Asker: 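Submitted below is the structure of interest, expressed as structure tokens.
Predicted, not measured: the structure shown is a model, and the values here were computed from it. Starting from 1, each residue takes its place in the sequence as its number.
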Amino acid sequence: MLHRTAPAPSFVLSRDGVQLATYELGDPEHPTVVVVHGFASSVIANWHATGWTRDLTRAGFHVIGIDQRGHGASDKPHSPDAYTMELLVADVETVLDAYLLTEVCYVGYSLGARVGWQAARDLGGRITRAVLGGIPDGDPLKSFQVADARAHLEHGREVSDRLTGVYLAMAKTLPGNDLAALVALVEGMRGGPQPGAANAPTQPVLFATGSEDSILDASRVLADATPNGDFFEIPGRNHFNAPTSRAFREAAIGFLNA
């Protein structure tokens, strides 16, 4: 039902020529929330089909969703150079400029939360508060075996590394995913800035992580290290199904309305 009622994307051109799919819902006169999805997901899968866009607009927000490069209806480059943190944050800024938005709230999950952490620092007062779901300190994909993943995609070899296999299997479940682009993203983001106590944003930030997620303790560490950080433990959820939690949505909306 929610997939059938999803809005058609509008496209914004990034500074390096990548077409970014964006989605607009709600009244543009209302306060804006930018929603940014996780790895191998999309606006429709992460935010629309799970009820977030519905509940945010009902709560009086104007919503702009961004399919990150390599995902959804956006362009999917195959070069790792197209997936630096600098470019992912620049994409957010480009979308804000395209929609003439000077101040927004930000909601990101997993990869979208990592981008949100850096965007909150780099874009200054344009992001007034943020909800960052499923974000640990450090690089959660550092154990992803890029060579094994490429061998699987190019030659059909079995993936022996468990984590790499889990991420590839997850990516295959969403129709339209380009696995080569997603592997390039993992490779491109390595060595970039990572969340930690030394570079915490100063805006109010709500961290939210599932009670069954292995990164729960690391997420708490980030919340404690953030000057205006709060933490919400999403009951009964792991990393992959946390966005479906009504309790998470309600906590996030309450925080955005504070």
Asker: Just wondering, do His71 and Leu111 contact through their side chains at under 4.5 Å, heavy atoms?
Answerer: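 Yes, close enough: below the 4.5 Å cut-off.
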Asker: For a quick check under 3.5 Å, do Ser41 and Tyr109 share a side-chain donor-acceptor pair by atom type?
Answerer: no
Asker: Can you confirm whether Leu256 sits close enough to Leu56 that some side-chain heavy atom of one is under 4.5 Å from a side-chain heavy atom of the other?
Answerer: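 The answer is yes; the side chains approach within 4.5 Å.
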Asker: Would you say the side chains of Asp178 and His78 form a donor-acceptor pair under 3.5 Å?
Answerer: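 Yes, His78 and Asp178 have a side-chain donor paired with an acceptor closer than 3.5 Å.
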Asker: Salt-bridged, Arg69 to Asp16, with N to O below 4.0 Å?
Answerer: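 Counted as a salt bridge, because a side-chain N and a carboxylate O are separated by less than 4.0 Å.
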Asker: Atom CG of Leu153 and atom CG of Leu168: how far apart are they, to the nearest 0.5 Å?
Answerer: 6.0 Å
Asker: Less than 6.0 Å separating the ring centroids of Tyr167 and Phe39?
Answerer: yes
Asker: Compare every heavy atom of Ile135 with every heavy atom of Ala113, then report the nearest pair and how far apart it is.
Answerer: O-CD1, 3.6 Å
Asker: Look at the side chain of Asn238 and the backbone N and O of Asn241, then say whether any donor-acceptor pair between them is shorter than 3.5 Å.
Answerer: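 Flag set: sc Asn238 to bb Asn241 pair under 3.5 Å.
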Asker: Side-chain contact test, heavy atoms from C-beta onward, threshold under 4.5 Å: evaluate it for Arg150 versus His155 and give yes or no.
Answerer: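 Arg150 does not reach His155 side chain to side chain.
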Asker: Please name the pair of heavy atoms, one in Ser110 and one in Gly38, separated by the smallest distance, quoted to 0.1 Å.
Answerer: CB-CA, 4.1 Å
Asker: Closer than 3.5 angstrom, by distance alone: can the side chain of Tyr83 be matched with the main-chain N or O of Met189 as a donor-acceptor pair?
Answerer: no
Asker: Regarding Asp67 and Lys76, does a basic nitrogen lie under 4.0 Å from an acidic carboxylate oxygen?
Answerer: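 Salt bridge flag = no for Lys76 with Asp67.
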Asker: What I'd like to find out is whether the side chain of Val146 reaches to under 4.5 Å of the side chain of Phe144, using heavy atoms alone.
Answerer: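 The answer is yes; the side chains approach within 4.5 Å.
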Asker: Is any side-chain heavy atom of Ile234 closer than 4.5 Å to a side-chain heavy atom of Ser211?
Answerer: no
Asker: Report yes if some heavy atom in the side chain of Trp52 is under 4.5 Å from a heavy atom in the side chain of Val107; otherwise report no.
Answerer: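 Yes; the side chains approach each other to less than 4.5 Å.
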Asker: Is it the case that the side chain of Thr164 and the backbone of Gln145 share a donor-acceptor pair, with hydrogens and angles ignored and the cut-off at 3.5 Å?
Answerer: yes
Asker: For Asn177 and Lys172, indicate whether the former's side chain and the latter's backbone hold a donor-acceptor pair under 3.5 Å.
Answerer: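 Flag not set: sc Asn177 to bb Lys172 has no pair under 3.5 Å.
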Asker: I'd like to know if Val166 and Leu179 are part of one continuous hydrophobic network [Ile/Leu/Val/Met/Phe/Trp/Tyr, side-chain heavy atoms within less than 4.5 Å].
Answerer: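 They do share one cluster, since a chain of ILVMFWY contacts under 4.5 Å joins Leu179 to Val166.
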Asker: Is the shortest heavy-atom distance from the side chain of Trp117 to the side chain of Leu222 under 4.5 Å?
Answerer: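 When only atoms from C-beta onward are counted, Leu222 and Trp117 do touch, with a gap below 4.5 Å.
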Asker: To the nearest 0.5 Å, how far apart are OG in Ser245 and CZ in Arg249?
Answerer: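 Here the rounded value is 7.5 Å.
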Asker: Can you tell me how far CZ of Arg15 sits from CG of Leu87, rounded to the nearest 0.5 angstrom?
Answerer: 5.5 Å
Asker: His239 and Asp213: side-chain donor and acceptor closer than 3.5 Å?
Answerer: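 The criterion, which ignores hydrogens and geometry beyond distance, is satisfied for Asp213 and His239.
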Asker: Distance alone, cut at 3.5 Å: any donor-acceptor contact between the side chains of Arg237 and Thr244?
Answerer: yes
Asker: Checking the side chain of Asp148 only, and the main-chain atoms of Val159 only, is there a donor and an acceptor separated by less than 3.5 Å?
Answerer: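 Answer holds: no.
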Asker: Apply side chain to side chain contact (heavy atoms under 4.5 Å, CB included) to the pair Val63 and Val35, showing each step before the final yes or no.
Answerer: CA-CA 7 Å; Val63 178; Val35 294; 4.0 Å; yes
Asker: With distance as the sole test, does Ser219 use its side chain to make a donor-acceptor pair with the main-chain N or O of Gly134 at under 3.5 Å?
Answerer: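 A pair under 3.5 Å: no.
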Asker: Checking Thr50 side chain against Asn46 main chain: does a donor-acceptor pair fall under 3.5 Å?
Answerer: yes
Asker: Are a donor atom and an acceptor atom from the side chains of His37 and Ser42 found within less than 3.5 Å of each other?
Answerer: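 Per modelled atom types, His37 and Ser42 side chains form no pair under 3.5 Å.
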Asker: Would you compute the distance between atom NE2 of His152 and atom CG of Asp161 and round it to the nearest 0.5 angstrom?
Answerer: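 Separation between the atoms: 13.0 Å.
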Asker: Say you draw a straight line from NE2 of His48 to OG1 of Thr53; how long is it, rounded to the nearest 0.5 Å?
Answerer: 4.5 Å
Asker: Strictly distance-based, threshold 3.5 Å: is any side-chain N or O of Asn199 a donor or acceptor partner for the main-chain N or O of Gln194?
Answerer: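 A pair under 3.5 Å: yes.
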Asker: Applying side chain to side chain contact (heavy atoms under 4.5 Å, CB included), run through Asp224 and Val221 and close with a yes or a no.
Answerer: CA-CA 5 Å; Asp224 290 342; Val221 168; 5.7 Å; no
Asker: If you look at every heavy atom in Leu182 and Ala40, which pair is closest and at what distance?
Answerer: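 Smallest heavy-atom distance, with atoms named: CD1-CB, 3.9 Å.
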Asker: Counting only N and O atoms by type, is there a donor-acceptor contact under 3.5 Å from the side chain of Thr22 to the main-chain atoms of Ser10?
Answerer: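 Side chain of Thr22 to backbone of Ser10, a donor-acceptor pair under 3.5 Å: yes, one is there.
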Asker: With no hydrogens and no angle check, is any side-chain donor or acceptor of His30 less than 3.5 Å from a backbone partner on His62?
Answerer: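 Pair absent, no side-chain N/O of His30 close to backbone of His62.
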Asker: Between Val183 and Ala149, which heavy-atom pair has the shortest distance, and what is it?
Answerer: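 Minimum heavy-atom contact is CG2-CB, 3.9 Å.
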Asker: Taking C-beta and beyond as the side chain, do Gln203 and Asn228 meet within less than 4.5 Å on heavy atoms?
Answerer: no
Asker: Measure the spacing between CG of Leu132 and OG1 of Thr209 and express it to the nearest 0.5 Å.
Answerer: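 Between Leu132 CG and Thr209 OG1, I get 9.5 Å after rounding to 0.5 Å.
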Asker: Which is it for Gln19 and Leu13 under the side chain to side chain contact (heavy atoms under 4.5 Å, CB included) test, yes or no, and what are the steps along the way?
Answerer: CA-CA 5 Å; Gln19 290 276 6; Leu13 189 65; 4.1 Å; yes
Asker: Checking Tyr23 now: which residues fulfil ring-ring contact (aromatic ring centres under 6.0 Å, His included) with it, not counting sequence neighbours?
Answerer: none
Asker: Val95 and Val34: side chain to side chain contact (heavy atoms under 4.5 Å, CB included), yes or no, with the steps?
Answerer: CA-CA 9 Å; Val95 171; Val34 173; 5.9 Å; no
Asker: Does the structure place the NZ or CZ of Arg220 under 6.0 Å from the centre of the six-membered ring of Phe207, at an angle of no more than 45° from the ring's axis?
Answerer: no
Asker: Determine the minimum heavy-atom distance between Ala181 and Pro77, stating which atoms define it.
Answerer: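 Smallest heavy-atom distance, with atoms named: CB-O, 3.4 Å.
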